[in-house]
Amino acid sequence: MARRGDLTKDELIIIKKKITDGEAFENFFRDCYLRNLRPATNDYYKNEFHAAKKFINKTLVENLPW
């Protein structure tokens with residue numbers, strides 16, 4: 001199947017949707033769960049995300065206008 005090279009309206013809505021850091025983390029960890037990653041890997045990711053958020057002390061997820 002060939003690539004389209006452009007996005008559908010539904011895909012554009014997903015890209016432009018504003019989400020919070022909490023929602024981004026939830027989506028990421030849900031994806032990790034669905035991919036059946038080891039619990040130790042999930043715990044490592046959670047610890048690293050929380051440490052990064054404390055260190056950076058600003059919003060980690062930014063939506064830039066296209």
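Just the heavy atoms: all of them, side chains too, but no hydrogens, waters or symmetry mates, feed the values below.
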Point to revise | Partners passing ring pair (Phe, Tyr, Trp, His ring centres under 6.0 Å) against Y44 (at least two apart in sequence or in another chain) | key: none
Review point. Mind checking what makes side-chain hydrogen bond (donor to acceptor under 3.5 Å, both in side chains) contact with E26, not counting sequence neighbours?
Key: none
Check your understanding: Considering residues at least two apart in sequence or located in another chain, which fulfil the salt bridge (charged side-chain N to carboxylate O under 4.0 Å, His left out) criterion with D31?
Key -> R35
Practice item. To the nearest 0.5 Å, tell me how far H50 NE2 sits from E48 CD. Key: 11.0 Å
Point to revise | Rounded distance [0.5 Å steps], NZ in K17 versus CG in L12 | key: 15.0 Å
**Study point:** Audit row: F49, F25, ring pair (Phe, Tyr, Trp, His ring centres under 6.0 Å) steps and yes/no
**Key:** CA-CA 8 Å; F49 274 126; F25 292 146; 5.1 Å; yes
Practice item. Measure the spacing between CD of E11 and CG of D6 and express it to the nearest 0.5 Å. Key: 8.5 Å
Check your understanding: Who else is in Y33's hydrophobic cluster (ILVMFWY, side-chain heavy atoms under 4.5 Å, direct or via others)?
Key -> L34
Check your understanding: Quick one: salt bridge (charged side-chain N to carboxylate O under 4.0 Å, His left out) partners of E23, sequence neighbours excluded?
Key -> none
Check your understanding: Got a sec, which residues hit side chain to side chain contact (heavy atoms under 4.5 Å, CB included) with N42, two or more places apart in sequence or on another chain?
Key -> C32, L37
Check your understanding: Should the heavy atoms of other residues, nucleotides or ligands under 6.0 Å from CZ of F29 be counted, would the total exceed 12?
Key -> yes
